[in-house]
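Notes follow the structure.
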Amino acid sequence: MKMSTRMALLDVERIREDFPILSQQVNGRPLVYLDNAATTQKPRQVIDALVRYYETSNANIHRGIHTLAVRATEQYEAVRGKAARHIGANNERDIVFTRNATESINLVARAWGDANIGEGDEIVLTLMEHHSNIVPWQLLARRKGAVVRYAGITPGGYLDMDSLREAVGPRTKMVSVVHASNVLGTINPIAEVAEIAHAVGALVLVDGAQSAPHLPLDVTELDCDFFAFSSHKMLGPTGVGVLWAREGLLDTMDPFLGGGEMISLVRPDHSTWADVPHKFEAGTPNIAGVIAFGAALDYLRDIGMSDVRAHEAAITAYAMDALKDVPGLSLHGPTDVRDRGGAVSFAIDGIHPHDVSTIVDGYGVAIRAGHHCAQLLMRCLNVPATSRASFYIYNSQAEVDVLVEALKQAVEVFSRGDARTAV
Amino acid sequence: MKMSTRMALLDVERIREDFPILSQQVNGRPLVYLDNAATTQKPRQVIDALVRYYETSNANIHRGIHTLAVRATEQYEAVRGKAARHIGANNERDIVFTRNATESINLVARAWGDANIGEGDEIVLTLMEHHSNIVPWQLLARRKGAVVRYAGITPGGYLDMDSLREAVGPRTKMVSVVHASNVLGTINPIAEVAEIAHAVGALVLVDGAQSAPHLPLDVTELDCDFFAFSSHKMLGPTGVGVLWAREGLLDTMDPFLGGGEMISLVRPDHSTWADVPHKFEAGTPNIAGVIAFGAALDYLRDIGMSDVRAHEAAITAYAMDALKDVPGLSLHGPTDVRDRGGAVSFAIDGIHPHDVSTIVDGYGVAIRAGHHCAQLLMRCLNVPATSRASFYIYNSQAEVDVLVEALKQAVEVFSRGDARTAV
Amino acid sequence: MAMPEPPFDDLYREVILDHAKKPRNRGRLADRTQHAEGMNPVCGDEIALDLRVAGDRIADIAFEGQGCSISQSSASMLTERLKGTTIDEAARVAASFKAMLIAGATPAPELGDLEALHGVAKFAVRVKCALLCWNVLQEGLEQARRQLARGGT
Amino acid sequence: MAMPEPPFDDLYREVILDHAKKPRNRGRLADRTQHAEGMNPVCGDEIALDLRVAGDRIADIAFEGQGCSISQSSASMLTERLKGTTIDEAARVAASFKAMLIAGATPAPELGDLEALHGVAKFAVRVKCALLCWNVLQEGLEQARRQLARGGT
Ligand SMILES: Cc1ncc(COP(=O)(O)O)c(C=O)c1O
Ligand SMILES: Cc1ncc(COP(=O)(O)O)c(C=O)c1O
């Protein structure tokens with residue numbers, strides 16, 4: 001077992017007691033859940049919030065006068081402020097609840113993009129984007145005859161700022177960038193990106209799906225115009241996403257989906273819209289999900305996002321060191337933990353990532369293998385897929401050790417060519 | 001207390017044991033929940049399904065190789081078949097999961113509408129539509145220079161089929177109609193509507209938000225092309241909607257939202273799409289919600305939709321009769337229960353619906369007051385708002401009696417002009 | 001069935017129901033100097049106010065509208081209370097009224113009969129009904145101030 | 001740390017790993033009569049098959065591709081098993097193989113070495129890896145049949 005250079009800060013044993021799923025056995029061994037970049041597990045505080053809502057307060061919101069409707073509306077609306085505070089925003093009016101980060105980005109591409117992007121305009125992305133921050137812009141570009149350009153990546157796994165500067169030009173209207181890469185772990189210098197974008201009058205959308213769960217955030221410092229993230233990647237339920245927009249921006253935007261809740265007046269020929277943020281929340285929202293997401297935000301606030309970050313940095317440093325013991329393993333992405341989050345992608349010579357994942361699953365270890373919805377990045381790395389371990393507040397160094405041992409077994413299986421004699 | 005002409009079929013006492021929320025007190029009196037058209041309560045089977053998912057199976061779906069990911073994917077995908085069977089459809093490939101009925105309709109208006117509606121084309125709605133089945137079409141018409149036309153309503157609260165026949169013409173491309181009105185209760189003759197629409201080559205979308213929870217359904221008999229509904233109105237969690245499309249139709253449609261899950265290949269300049277239905281489910285879906293919706297569908301199947309319908313018809317008949325005892329009360333909508341669902345709207349002379357709702361809430365009775373997201377219908381009825389009681393499987397005749405007494409108190413309060421001496 | 005007394009003593013006070021049924025100062029002012037209107041999209045309540053401001057004083061005031069007993073009685077009592085007051089006093093009364101309903105402040109003496117509406121504060125969803133006419137008033141007072149500043153009446 | 005033996009006896013059999021590392025019949029056929037390819041978008045595995053059909057017989061067969069050990073060994077074993085068989089026999093083997101993996105049927109004798117892949121059936125997400133080349137084959141056989149029907153080669 002490796003010694004950590006710096007101890008993890010969090011009391012993992014105590015935290016794990018809050019996560020019922022973590023005490024289960026998988027394939028006869030204790031579950032080691034290292035697929036947190038895909039989705040995190042939920043503490044009982046969040047599960048309890050769902051149960052409590054359905055057992056005491058369930059009603060449709062916003063239009064009801066009866067007691068349950070008032071109660072549900074208050075609980076739902078209270079989460080807007082919590083979501084705003086989580087990212088250092090001060091106005092809950094600037095928070096729209098969506099289904100997921102993907103929908104948040106699509107909302108901007110439609111409700112802002114369709115009105116502001118014209119033929120020949122340019123949208124700048126990076127080659128390390130998740131498909132959710134590529135496809136909506138490709139679709140927008142196709143609708144409008146606009147052009148999508150990409151900033152590249154350095155051999156060390158950083159965003160190539162020179163290529164970003166080259167990609168951004170006078171026709172650039174939007175620069176949409178991932179905050180923390182779900183494959184490389186790289187944390188991008190958003191404020192610097194924003195300076196480059198704002199200099200040509202472009203707006204900046206930050207895909208915060210992998211930063212909101214892991215980093216202390218302040219959208220004012222980041223100086224971005226939109227910030228998108230997902231509840232399910234930060235202890236909250238599935239089916240809830242957030243879009244934050246710089247003050248006043250939502251007011252200038254057309255609606256995205258039409259229906260109940262988002263209107264003021266409906267007449268046969270035309271309608272007028274409710275005030276923001278409700279203008280962007282058509283139909284009955286995921287009321288229970290949003291309320292339980294509030295419990296997740298409370299949980300993270302109680303731990304403190306700097307402690308979350310410190311714990312993950314410690315685990316990630318430990319893991320990057322420990323993984324060196326696996327023969328033939330090479331890491332992707334920045335080696336300096338100060339520049340990266342807790343998603344660690346790697347390759348093992350001669351073993352395809354899917355085989356790696358299947359074998360470590362046999363030891364109860366859940367990691368992800370594949371293109372991670374980042375096919376453009378896979379092409380940059382010149383691999384069809386990677387294996388990825390990703391950490392969160394409940395992961396311990398001991399779990400990293402289990403991963404490393406399981407990976408060694410994978411190497412063993414493949415080097416002997418016969419699993420029956422592998423151990 | 002009125003005698004019912006026909007006894008309700010369901011064992012309400014036993015059913016109520018499954019609904020933890022129903023045993024609570026509101027304003028010191030037992031909760032009488034009659035706001036089911038807005039959203040229904042959830043049985044413990046559904047709440048348990050959520051808890052079980054988060055405590056044993058939570059993982060992101062579709063791309064994972066590890067045990068939890070496989071388990072979650074199987075549970076999620078299994079609900080497609082259940083949703084299909086609920087509406088008499090046979091192919092789970094034709095089922096898309098959305099956030100709610102509203103999003104299902106918007107999906108069609110964008111992904112089918114943008115490609116198939118041109119300048120001067122016509123979309124036919126009715127004046128009894130919910131805003132969720134009006135605004136998406138108004139937005140589409142605005143984008144494309146198309147025209148929205150409306151079929152009217154008879155004085156008895158039925159869809160005026162003559163005016164529908166008049167509204168549908170050679171330029172009509174889509175006829176989008178509510179199956180059961182959330183205000184009048186009216187059940188519309190969809191097969192007849194479809195015949196009129198199909199005769200001119202138009203497609204038919206059915207807003208089934210108020211029929212899927214309450215009626216035995218068979219989309220083949222209805223002969224519609226799209227069918228939209230919401231989980232939360234039929235015992236399931238919030239944040240889940242369904243869109244069903246006639247076989248082959250989804251394949252012809254462009255994607256709606258772009259992102260993870262819905263692609264096949266992503267290249268810098270273009271992408272190709274995954275097969276249906278995944279092409280329409282961008283990003284991480286409401287996995288837990290869909291799985292728990294499966295438990296709701298099981299619950300309804302176990303009761304049997306014909307028994308659900310019979311119970312509601314009995315309660316509705318009883319209520320329409322009992323409400324006549326309230327001085328100054330008049331009912332909106334069809335009087336023959338065979339033609340209507342369990343949403344009963346009414347007016348009381350000289351008392352605004354909001355005051356009615358506040359007063360009965362004082363007696364623990366939850367009803368809804370307002371325009372019910374049907375402002376065009378309010379204008380037809382020439383009222384700013386209505387009061388509405390709406391029933392479900394756990395409602396009893398005794399609860400109707402409580403409502404009637406509470407309404408009498410409202411009349412009393414307003415007739416004396418002083419609540420302190422009202423009782 | 002026996003229905004025990006409901007908890008409405010604080011909401012549907014006699015004076016409120018009286019104003020709701022027999023609204024005072026209802027109609028339009030032919031010689032108005034200001035007009036403002038507003039609606040509550042969630043519940044559909046509507047209020048329109050006409051003011052005739054002479055010097056710094058509200059010489060006459062009338063309202064039209066539709067909606068629940070709370071929104072209509074609030075408007076009726078507003079007109080009764082403010083007819084003849086100065087713009088500044090009207091603004092002070094509006095501030096006191098909002099403080100009573102939003103912040104739950106004990107009713108200021110200057111509110112007079114409007115005190116009867118203080119029970120609405122306990123009914124969160126109905127507060128906006130009572131406030132609607134006051135928001136409309138504040139817009140009317142703004143207009144009047146701008147006109148005064150320009151030196152007109 | 002002691003790692004007990006993992007449950008892979010059934011999955012990573014010696015013969016599978018051997019084919020994965022030393023694929024047979026890898027490459028292209030200059031004189032191919034049929035070519036078919038496929039990919040598994042979820043995991044990115046790719047297989048391309050070249051067939052040279054003479055009469056009703058697969059005179060030669062080769063594959064190219066990339067992906068996991070299961071998809072590559074399945075393709076390698078496919079080529080070994082089918083080289084020289086008739087189209088009809090190839091179709092029967094494909095059907096037997098699919099039955100083994102999808103329906104969990106006990107391996108038919110005609111599968112030969114391919115029997116080694118039957119353990120994949122227990123790993124639901126890996127089944128599609130093993131099937132990829134067989135789906136591609138079926139497309140190639142279709143092409144060959146159409147050509148035969150037209151009276152070609
Ligand atoms: C960087 C990044 N962006 C966007 C997403 C999409 O998130 P969701 O699927 O919750 O919409 C993900 C999650 O997979 C991600 O890692
Ligand atoms: C007839 C009808 N259509 C559509 C809707 C919209 O449903 P949702 O809010 O779940 O999207 C409703 C629910 O209010 C409804 O009653």
Side-chain angles (χ1 to χ4, degrees), chain A residues 20-21 24 26 35 38-39 41-42 47 50-51 54-56 58-60 63-68 99-100 102-103 106 130-132 134-136 138-139 150 230 232 237-239 257-260 263 266 268 270-271 282-284 286-289 354 357-358 361 366 368-370 373 375-376, chain B residues 20-21 24 26-27 35 38-39 41-42 47 50-51 54-56 58-60 63-68 99-100 102-103 106 130-132 134-136 138-139 150 230 232 237-239 257-260 263 266 268 271 282-284 286-289 354 357-358 361 366 368-370 373 375-376:
Chain A
I21 201 172
Q24 81 179 282
V26 162
D35 192 18
T39 199
Q41 299 304 337
K42 323 302 173 197
I47 302 172
L50 283 172
V51 173
Y54 282 127
E55 291 195 346
T56 66
N58 177 61
N60 212 329
R63 286 154 306 171
I65 286 168
H66 60 76
T67 300
L68 292 186
R99 177 175 41 241
N100 47 30
T102 302
E103 194 194 10
N106 278 276
H130 188 280
H131 295 160
S132 292
I134 297 174
V135 182
Q138 288 182 338
L139 292 172
Y150 296 87
S230 275
H232 72 91
T238 54
L257 305 180
I263 56 87
V266 174
H270 71 283
S271 299
T284 305
N286 187 351
I287 307 170
H354 293 138
S357 182
T358 293
D361 185 57
R368 191 142 293 231
C373 295
Q375 290 182 4
L376 300 187
Chain B
I21 201 171
Q24 82 179 281
V26 163
N27 290 320
D35 192 17
T39 200
Q41 299 305 338
K42 321 304 172 197
I47 302 174
L50 283 173
V51 172
Y54 283 127
E55 291 194 347
T56 65
N58 176 61
N60 212 328
R63 286 155 307 173
I65 287 168
H66 59 77
T67 300
L68 293 185
R99 178 176 37 240
N100 47 31
T102 301
E103 195 195 9
N106 277 274
H130 188 280
H131 295 160
S132 292
I134 298 174
V135 182
Q138 288 182 338
L139 293 172
Y150 296 88
S230 276
H232 71 93
T238 56
L257 304 181
I263 55 87
V266 174
S271 299
T284 305
N286 186 353
I287 307 169
H354 294 136
S357 182
T358 293
D361 185 57
R368 191 142 294 232
C373 295
Q375 290 182 4
L376 299 187

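Below, chains carry the letters A, B, ... as their sequence lines are ordered, and counting in each starts from 1.
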Report which part of A:Tyr150 has an atom under 4.5 Å of a heavy atom belonging to chain B: side chain, backbone, both, or neither.
side chain
At their closest point, which heavy atom of B:Val135 faces which heavy atom of A:Ser271, and how far apart are they?
CG2-OG, 4.2 Å
Between A:Leu257 and chain B, which part of the residue has a heavy atom less than 4.5 Å away: side chain, backbone, both or neither?
both
Does any heavy atom of chain A fall under 4.5 Å from the side chain of B:Gln41, the backbone, both, or neither of them?
both
Considering all heavy atoms of both residues, which atom of A:Gly260 and which atom of B:His131 are nearest to each other, and what is their separation?
N-CB, 4.1 Å
Pairs of heavy atoms under 4.5 Å with chain B: top-ranked of A:Val26, A:Ile263, A:Asn58, A:Leu376:
A:Asn58
Smallest separation among heavy atoms of B:Ser357 and A:Ile65, with atom names
OG-CB, 3.5 Å
With a 4.5 angstrom heavy-atom cut-off, could you sort out which part of B:Ile47 is near chain A: side chain, backbone, both or neither?
side chain
Of the backbone (N, CA, C, O) and the side chain (C-beta and beyond), which part of B:Gln24 lies under 4.5 Å from a heavy atom of chain A, both, or neither?
side chain
Using a cut-off of under 4.5 Å on heavy-atom pairs, state which of A:Asn106, A:Thr102, A:Thr39 scores highest against chain B.
A:Asn106
Who wins among B:His130, B:His354, B:Lys42 for the most heavy-atom pairs under 4.5 Å with chain A?
B:Lys42
Distance col, row B:Asn286:CG vs A:Asn286:CG, nearest 0.5 angstrom, shows 5.0 Å
What I'd like to find out is whether the side chain of B:Ile21 reaches to under 4.5 Å of the side chain of A:Leu68, using heavy atoms alone.
yes
Between B:His232 and chain A, with a heavy-atom cut-off of 4.5 Å, which part of the residue counts as in contact: side chain, backbone, both or neither?
side chain
What are the two closest non-hydrogen atoms of B:Pro136 and A:Gly259, and how far apart are they?
CD-N, 4.5 Å
B:Val51, part contacting chain A, at a heavy-atom distance under 4.5 Å
both
Scored by heavy-atom pairs under 4.5 Å with chain A, the best of B:Gly289, B:Gly370, B:Ala369, B:Gly64 is B:Gly64
Heavy-atom pairs under 4.5 Å with chain A, option from B:Val266, B:Ile287, B:Asn100 with the top count
B:Val266
Quick one, A:Arg368 and B:His66 - any side-chain contact, counting heavy atoms below 4.5 Å?
yes
For chain A, which candidate among B:Pro237, B:Ser230, B:Ala59, B:Pro268 shows the most heavy-atom pairs at distances under 4.5 Å?
B:Pro268
